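Accompanying notes for the structure given below.
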There are 2 protein chains.
Amino acid sequence: MLNERTEKVLFAIVESFINTNEPVGSRFITKTYSFNLSPATIRNIMADLEEFGFLAQPHTSAGRIPTDRGYRFYVDFLSRSSEVEDAFIESFITRLEAKREDLNGLLEGAARTLSEHSRYLGLAAPMKSGRTTLNRIELFNYRGNYIAVVLLTDEGPIKHKIIRAGQKLTPGTLRRISDYLNQEFSGYTVDEIRLKLVKEMSREKALCDILITKAVEICREALSFPPGEIYVCGFSDFIGLPDFSSRIREIAGAIEDKHFMLKLLEQVGAGIEGPSVLIGSENPVKEMKDLSLIVSTYKQDGKVAGSIGVIGPTRMDYSRAIVMVQTAARFITEALSQ
Amino acid sequence: MLNERTEKVLFAIVESFINTNEPVGSRFITKTYSFNLSPATIRNIMADLEEFGFLAQPHTSAGRIPTDRGYRFYVDFLSRSSEVEDAFIESFITRLEAKREDLNGLLEGAARTLSEHSRYLGLAAPMKSGRTTLNRIELFNYRGNYIAVVLLTDEGPIKHKIIRAGQKLTPGTLRRISDYLNQEFSGYTVDEIRLKLVKEMSREKALCDILITKAVEICREALSFPPGEIYVCGFSDFIGLPDFSSRIREIAGAIEDKHFMLKLLEQVGAGIEGPSVLIGSENPVKEMKDLSLIVSTYKQDGKVAGSIGVIGPTRMDYSRAIVMVQTAARFITEALSQ
DNA sequence: TTTAGCACTCACGTAACGAGAGTGCTAAAA
DNA sequence: TTTTAGCACTCTCGTTACGTGAGTGCTAAA
């Protein structure tokens, strides 16, 4: 569809626009790149590219800017081999070295490093908790009538919850309840347990065992998790970007909605191995029409354990950002395998 | 210094400016309030108020706007009795009812409700963890070489940490270690324990007891807390306010720095019973020169347990915001005492 | 097929201008 | 002595007009 020369011009235009944030004109291209063509020829090529939907004009007598489709072309044909800056790696290592055992700290640090070096919004989130595997349940009496439930999962973070017990339970009862729960549920994912609980509740009625009733009740309450963590860093730098002088409010609103951001990360990252890129309107949400998202997943024990990425303007330094996200994901995966 | 009439005019001007966000002129005052004075007289009074530093003029032929000192006067003489809106209370109750046992959820919910109803930035933070009292320490083996340490504090939230053990410890050893730690440290605040640990470490050397050495080591690692939670809600509405069309970036930067926000909350709230108000330049930080802060503390078991408040533009509806913060603090205090 | 030339378009900065809001000051009125 | 009417003055803001510069599309020549 596009001959090689046309592609090169498109590439040059996208690159120029990313660098300058100004509509790029034919003359500029001939000055900056050595195509050995006159502005007039470049103009013809540009007209073609516009016809195909790779470029657009803000107004008649301005230069061209890439459309989302133009960026997509650019990203797809981008050589993925660019070097990561040493400073980035260094800052990654120094910041995360101390936190090898603390997943939350690790993720927050990663999001922050990512944002500081890219100047975009840094994101990191562990996978939806429903898919994590329960390792052990521990119960204590706590301040009289309460029970502290601690859920140890395979993925490092511990969830904890304090729930109200009807009456004070003896340590013995508590131990028997937790023994029962461990025997029954450990090794399953949270989602599976939620399912099992429903079955259990009908069986339990037949059994009429007060201990089990109590146990199931405790477990059910403990599994009503908060929505899950997500780390978003670099807000202030991000909204300071010239690209959204207006619309700040909208965009800030979308980003502040952590619930939504989580879902986005999960959807985009799911299944794909390397970093995946979502450009502007490829994003299903209208608030993010001018924003691009780069996400990669990180792993633990060979399984996908969460996502990490950046959000920037569509006019974003993709090649740099992609490598950074890739590197970050690799680092976290490494850190998690000790 | 100011006679009653002058005070009333000042009040009227501050109020008008809060409502309209436009410099208020003499004519406007005579039309809106019934002082039965001519614009000329009001102008004279305004000139006096400006001389005393309560008002300022953006430029020669504009109306007056309050200075920080003007706002301060307004706030100090504000009747604190205005009614809270029912909608606010209602939303508070419905949102927090479910979270009575979960301090973090409670605080986040409070910050969010506060921000949604005030349209300013909602803040909530538990007191610096150093001053919370340790209730119990529990230890488990976790994934081979690690130990999960769970700290139960008096104030509801549990801190947890996973630390690396040199070698795998038997359940018996682990129990003996935790028994020792509980006997030694429970009932003290985290700060006190940190102090005790230093002493312990010298004694421990003399004793040469490998168990105690291990215990002290574990405890020390577990007490190296993350900086502490703070909940900040309503960012997007907040930066959408017309007051900071420029300077958004700066302000966003200051707000994003949670560490700094925490310190601010702690300093301002400390010691004072009701809501305290910090207006514009009264704030030590230059990024917050145009911002006002209203903070109150909430209590648990009679002791101050954290702060809650809002940040808004200096041109803020103080009376409404103060009552809201007050109400929020009362609600949380109540929720925490069951 | 490429290029030079040229007329045309559009954003942007500047200047001029009038309207409007508000002031300070002075002198008269209360 | 205090308040008020009157008035000249100041400053912002929106509008209009205009010139400049960057960039285009088209045509015709190379």
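All of these numbers come straight from a predicted model, not from anything done at the bench. The sequence lines fix the lettering, A, B, ..., with proteins before strands; numbering per chain opens at 1.
- Both distances falling under 3.5 Å, in either a Watson-Crick or a G-U wobble arrangement, place dA30(D) opposite dT1(C).
- Pairing for dC25(C) is with dG6(D), a Watson-Crick or G-U wobble pair whose two hydrogen-bonding atom distances lie under 3.5 Å.
- Remark on DNA chain C: of its neighbouring residues Gly63(B) and Ala40(B), the 5'-side contact belongs to Gly63(B), judged by nearest-heavy-atom nucleotide.
- With respect to the salt-bridge test (charged N to carboxylate O, under 4.0 angstrom), the residues Glu250(A) and Arg247(A) qualify.
- Rounded to a whole Å, the CD1 atom of Ile45(A) is 11 Å from the C1' atom of dT1(C).
- With respect to Asp76(A) and Arg72(A), a salt bridge is recorded, a charged nitrogen being found less than 4.0 Å from a carboxylate O.
- Residue Arg43(A) places no side-chain N or O under 4.0 Å from the OP1 or OP2 atom of dT27(D).
- What separates CG of Leu49(B) from P of dG24(C) is a distance of 12 Å, to the nearest Å.
- Using a 4.0 Å cut-off, some side-chain N or O of Arg5(A) falls inside it from OP1 or OP2 of dT2(C).
- Taking atom CD of residue Gln57(B) and atom C1' of nucleotide dC11(D), one finds them 11 Å apart after rounding to whole Å.
- Relative to the side chain of Ser61(A), the nucleotides dT9(C), dG25(D), dT12(D) differ in distance, and dT9(C) lies closest.
- In terms of phosphate contacts, Arg27(A) brings no side-chain nitrogen or oxygen within less than 4.0 Å of OP1 or OP2 of dT24(D).
- Going from atom CG of Asn44(A) over to atom P of dG23(D) covers 17 Å, rounded to whole Å.
- dT3(D) atom P lies 11 Å from atom CG of Asp48(B), rounded to whole Å.
- The side chain of Glu50(B) lies closest to dG24(C) when the candidates are dT4(D), dT23(C), dG24(C).
- Contact record, Asp68(B) with Lys289(B): OD2-O, 4.4 Å, taken as the closest heavy-atom pair.
- Distances were taken from every side-chain heavy atom of His59(B) (C-beta onward) to each of dT23(C), dT3(D), dT12(D); the shortest belongs to dT12(D).
- Thr60(B) comes within 4.0 angstrom of sugar-phosphate atoms only, judged by non-hydrogen atoms across all strands, and of no base.
- Atom CD of Glu22(B) is separated from atom P of dC13(D) by 10 Å (rounded to the nearest Å).
- Looking at Asp237(B) and Arg249(A), a side-chain N of the basic residue comes within less than 4.0 Å of a carboxylate O on the acidic one, giving a salt bridge.
- Taking the six-membered ring for Trp and thresholds of 30 and 60 degrees, Phe238(B) and Phe244(B) have ring planes inclined between 30 and 60 degrees apart.
- Residue Arg64(B) contributes atom CZ, which lies 12 Å from atom P of dG22(C) at whole-angstrom precision.
- When the nucleotides dT24(D), dG24(C), dT4(D) are ranked by their closest atom to the side chain of Met46(A), dT24(D) comes out on top.
- One interatomic measurement links the two molecules: CD1 of Ile42(A) to C1' of dT1(C), which rounds to 14 Å at whole-angstrom precision.
- Within the structure, a side-chain polar atom (N or O) of Ser38(A) is placed less than 4.0 Å from OP1 or OP2 of dT3(C).
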